[in-house]
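Numbers restart at 1 for each chain; the letters A, B, ... are given by sequence-line order, proteins then strands.
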Number of protein chains: 2
Amino acid sequence: MGFPNLSTTLIPHLLLIIIVGVATASPPSVASRFSKFSLSKRAPRFLTKFSHPIKPHQHQEYRYETRYFYQQLDHFSFSDLPSFPQRYLINTEHWVGPDRLGPIFLYCGNEGDIEWFAVNTGFIWDIAPRFGAMVVFPEHRYYGESMPFGSGDVAYKNATTLAYLTAEQALADFAVLITDLKRNLSAEGCPVVLFGGSYGGMLAAWMRLKYPHIAIGALASSAPILQFEDIVPPETFYNIVSNDFKRESSSCFNTVKESWDALVSEGLKKNGLLQLTKTFRLCRELNSTEELANWLESAYSYLAMVDYPYPSAFMMPLPGHPIREVCKKIDGCPDGTSILECIFEGVSVYYNYTGDVDCFELDDDPHGLDGWNWQACTEMVMPMASSKDTSMFPTYDFNYTSFKEECWKQYRVVPRPQWITTEFGGHDIKAVLENFGSNIIFSNGLLDPWSGGSVLQNISETVVALVTEEGAHHIDLRPSTPEDPDWLVEQRTAEIKLIEGWINSYNQKKKTSFNM
Amino acid sequence: MGFPNLSTTLIPHLLLIIIVGVATASPPSVASRFSKFSLSKRAPRFLTKFSHPIKPHQHQEYRYETRYFYQQLDHFSFSDLPSFPQRYLINTEHWVGPDRLGPIFLYCGNEGDIEWFAVNTGFIWDIAPRFGAMVVFPEHRYYGESMPFGSGDVAYKNATTLAYLTAEQALADFAVLITDLKRNLSAEGCPVVLFGGSYGGMLAAWMRLKYPHIAIGALASSAPILQFEDIVPPETFYNIVSNDFKRESSSCFNTVKESWDALVSEGLKKNGLLQLTKTFRLCRELNSTEELANWLESAYSYLAMVDYPYPSAFMMPLPGHPIREVCKKIDGCPDGTSILECIFEGVSVYYNYTGDVDCFELDDDPHGLDGWNWQACTEMVMPMASSKDTSMFPTYDFNYTSFKEECWKQYRVVPRPQWITTEFGGHDIKAVLENFGSNIIFSNGLLDPWSGGSVLQNISETVVALVTEEGAHHIDLRPSTPEDPDWLVEQRTAEIKLIEGWINSYNQKKKTSFNM
């Protein structure tokens with residue numbers, strides 16, 4: 001079993017990419033080609049794709065001190081391994097201190113540079129003063145500056161050095177760091193509240209379950225903790241992406257749906273790849289149609305994640321309601337324009353909103369140093385599929401055997417697809433949350449394709465779901481803006497109220513036990 | 001800093017041993033010698049000291065199948081390590097099966113051969129039929145036959161091979177094993193109840209906290225989960241041992257208390273060690289008085305643990321109320337007998353109840369392959385001290401620096417004394433249990449010196465303490481006998497009722513959710 005037409009890395013990206021093999025010159029039909037050819041659906045990537053250390057000028061108001069804390073590389077064994085410096089950002093200017101049990105707001109750093117998260121998680125900065133809270137942003141190991149083995153080059157060298165890039169180790173890092181920090185500040189009594197978005201939201205929820213003695217509650221925003229094994233249907237993600245398009249315009253949805261066949265047909269023509277390269281203004285000639293398909297799928301999936309109601313520059317500079325704008329272009333395509341030209345006009349809203357781009361690069365991860373790929377190939381195995389019957393994407397079935405082979409080829413590692421559910425609970429996670437969890441907010445916007453793998457129902461009085469119809473990927477964690485719609489303001493108000501409740505209840509108990 | 005007079009292994013045993021240095025021939029006073037000399041208090045050992053695979057004939061009624069399950073050596077990293085076969089014993093003859101949600105009773109194997117635990121944990125076998133329960137006894141990694149790297153010799157070779165002998169890995173073993181077992185039996189819906197005594201009781205309680213989705217409740221018998229850092233005073237263990245003696249006879253207590261000075265004085269005499277060797281009928285000549293002190297302390301500590309009200313042969317063949325019998329000998333010592341001879345008569349009840357012993361061996365672990373020493377030198381750091389003011393033992397302060405040095409010498413490993421409390425909760429464990437734990441029984445007998453580090457108060461409606469005045473080390477887990485006193489019968493009845501409650505409540509919820 002090989003993957004003949006894969007020119008880029010084979011491991012699952014967090015943005016699923018359809019790889020359309022073009023192995024024969026005499027295709028029977030486009031539909032059967034999609035099913036016959038070697039397809040490899042990559043696991044979708046979260047929003048951290050571009051989480052390189054960008055410090056936007058507009059966020060200079062976020063002041064923090066940068067510190068480093070030496071961590072065990074393997075908390076769960078006593079192998080003689082080098083410790084590594086974990087970077088963390090800290091701000092204590094609003095903290096009311098240990099005597100007044102000043103809260104500690106701990107952001108669970110996820111798969112990227114922590115400074116990027118710090119400046120994109122305005123909610124914490126916005127609310128810290130009213131809570132008299134300290135703010136701490138620890139970086140996730142193997143990202144940003146928190147590199148084991150002295151450098152990213154060594155840390156990412158092979159499976160032996162990458163071995164310790166796991167969620168459990170990251171949670172233990174947070175636990176050890178915050179315990180030490182509190183001890184040094186004589187702040188053992190101060191309540192810790194966890195925050196996190198996307199994978200970071202998963203970490204926040206899991207941390208609350210696994211380390212209830214460390215933190216009193218967690219705001220887990222857009223945290224797809226159910227996106228494992230067969231807990232949710234594997235088509236969920238792409239169905240939601242598609243519905244986001246259909247919701248804006250069913251003709252737009254249909255055009256995208258039809259474009260895949262057009263793409264394959266075009267690619268099979270003589271000089272077809274060259275023509276496609278020109279149509280899509282690519283910087284270098286296409287090697288295969290799947291390269292282009294990947295690029296388009298990336299755009300659609302990210303658009304669904306960042307389908308915010310106001311202009312944003314989270315990943316790309318984008319208008320408000322960007323899917324609406326993309327569909328306007330696609331639907332407004334002049335008569336006689338080819339379907340692929342219309343698609344190009346549409347995705348240009350995503351890839352070139354500013355109009356500055358001369359030509360488009362296809363590879364979104366040129367240096368190949370991508371920790372999330374490793375995580376997806378080891379424990380974060382999120383099966384992804386799509387169906388042409390329920391989405392605007394071609395049918396693709398998740399094939400674990402192929403997935404495993406790709407991971408072996410790329411990293412010489414064997415995934416453990418059942419480990420996360422064994423460690424954190426899976427199919428019965430709702431029973432777990434109901435019986436043993438408390439003080440967790442699962443916030444989701446239904447436009448977010450990750451919402452389908454998250455918790456969307458209230459589980460108990462203290463494990464609650466805050467769901468917004470119009471929200472996208474962890475929009476609630478973003479800084480407040482004058483353009484915030486009412487539902488977003490209300491969502492954040494509800495979150496603040498719940499967090500206040502946790503802290504008050506904690507303080508009350510603390511008081512009672514002091515008086516005992 | 002050295003440990004000049006240590007002839008045996010230097011690492012902390014689970015039975016603390018006073019090492020009395022004899023560095024000078026002109027002692028100022030006995031009392032100051034105890035404080036000046038290089039002392040090394042070893043961490044007390046649990047009852048598994050003799051947990052070699054003994055299959056008593058009287059327990060042939062325990063029928064089980066022996067199976068092996070291949071486990072990851074490091075569940076929390078993806079290092080390329082060999083898997084290893086975990087042995088487990090299983091009995092399904094009383095199990096009512098998945099359709100009737102037959103419970104699974106899972107014993108959390110601790111630091112010894114699992115067959116030894118299986119035949120010494122009659123409670124589970126006694127009650128399984130009435131619950132229609134399956135019984136599973138998984139062995140703890142690095143003990144018995146569950147050896148990584150193909151053999152005990154390799155597994156115990158050095159710190160590199162021993163590195164994965166940790167409590168967290170053992171819990172993950174249990175979680176993975178039971179998840180797989182249930183899946184293979186289509187028994188995902190069947191409730192799992194955890195059992196464990198001593199370190200195994202700690203594992204059961206921790207497992208219930210960390211893996212609430214795996215098990216619905218835990219009977220944690222004699223589980224000293226608070227015996228870390230400074231949560232309980234480090235003198236607790238030896239104070240309880242001493243009180244057990246004082247309770248039987250204050251003159252006996254006083255004789256033991258005075259014997260240490262006599263021992264040191266005797267050892268300093270010309271040919272003193274030879275004389276002591278004769279008095280105590282040792283098989284080989286003493287190298288130092290501390291060897292003898294260790295041997296005596298072992299006896300007192302174990303006697304306190306197994307101070308059962310009926311004859312037992314858990315470790316040594318012993319009469320019922322063995323401390324009473326020891327004190328009878330000590331108190332009944334004829335006039336004119338030296339104090340050390342009286343002591344010898346007393347401990348002979350422990351070391352030679354059958355009267356078969358010709359001479360006594362001092363080394364209790366001749367082959368030196370003792371996983372608990374490794375665990376005590378890594379994460380299970382339980383500070384132990386004694387005070388001559390509150391106990392019958394000489395004053396000894398726990399010195400972490402010395403402890404660390406011994407561990408480094410022995411294993412080339414650095415302990416992580418704060419890790420267990422970070423991972424499982426420590427000082428605030430009661431708040432954790434109250435707020436996030438449920439369905440845990442902490443059973444303890446107050447004669448057991450480990451009871452001081454356990455949970456002795458009800459925490460909530462479902463986290464309860466069952467405390468017996470007259471109980472010793474996890475006596476409730478032993479098989480029922482006709483000699484069981486009423487309080488023991490009542491304790492077991494209470495445990496059965498609580499476990500029934502957990503299962504009924506689980507079944508009720510299951511039913512409700514089926515009907516939804």
Using distance alone, with no hydrogens and no angle check, list the donor-acceptor pairs under 3.5 Å between chain A and chain B.
unit_1   : atom_1 : unit_2   : atom_2 : d
A:Gln72  : OE1    : B:Arg416 : NH2    : 3.0
A:Asp74  : O      : B:Arg416 : NH1    : 3.3
A:His75  : O      : B:Arg416 : NH1    : 3.3
A:Phe76  : O      : B:Thr166 : OG1    : 3.2
A:Phe76  : O      : B:Gln169 : NE2    : 3.0
A:Ser77  : O      : B:Arg416 : NH1    : 3.2
A:Ser77  : O      : B:Arg416 : NH2    : 3.1
A:Phe78  : N      : B:Ala163 : O      : 2.9
A:Ser79  : OG     : B:Tyr164 : OH     : 3.0
A:Ala163 : O      : B:Phe78  : N      : 2.9
A:Tyr164 : OH     : B:Ser79  : OG     : 3.0
A:Thr166 : OG1    : B:Phe76  : O      : 3.2
A:Gln169 : NE2    : B:Phe76  : O      : 3.0
A:Arg183 : NH1    : B:Gln418 : OE1    : 3.0
A:Lys210 : O      : B:Lys210 : NZ     : 2.5
A:Lys210 : NZ     : B:Lys210 : O      : 2.5
A:Tyr211 : OH     : B:Glu423 : OE1    : 2.5
A:His213 : NE2    : B:Thr422 : O      : 2.7
A:His213 : NE2    : B:Gly425 : N      : 3.1
A:Arg416 : NH1    : B:Asp74  : O      : 3.3
A:Arg416 : NH1    : B:His75  : O      : 3.3
A:Arg416 : NH1    : B:Ser77  : O      : 3.3
A:Arg416 : NH2    : B:Gln72  : OE1    : 3.0
A:Arg416 : NH2    : B:Ser77  : O      : 3.2
A:Gln418 : OE1    : B:Arg183 : NH1    : 3.1
A:Thr422 : O      : B:His213 : NE2    : 2.7
A:Glu423 : OE1    : B:Tyr211 : OH     : 2.6
A:Gly425 : N      : B:His213 : NE2    : 3.1
A:Asn435 : OD1    : B:Lys509 : NZ     : 2.5
A:Lys509 : NZ     : B:Asn435 : OD1    : 2.6

Hey, which of A:Ala175, A:Ala163, A:Ala167 has the most heavy atom pairs under 4.5 Å with chain B?
->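 Max contact count across the listed options: A:Ala163.
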Under 4.5 Å from any heavy atom of chain A - which part of B:Ala431 |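 Contact with chain A: none, neither part.
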Against chain A, label B:Val176 side chain, backbone, both or neither, depending on which of its atoms sit under 4.5 Å from a heavy atom there.
->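 Answer is both: backbone and side chain atoms of B:Val176 are under 4.5 Å from chain A.
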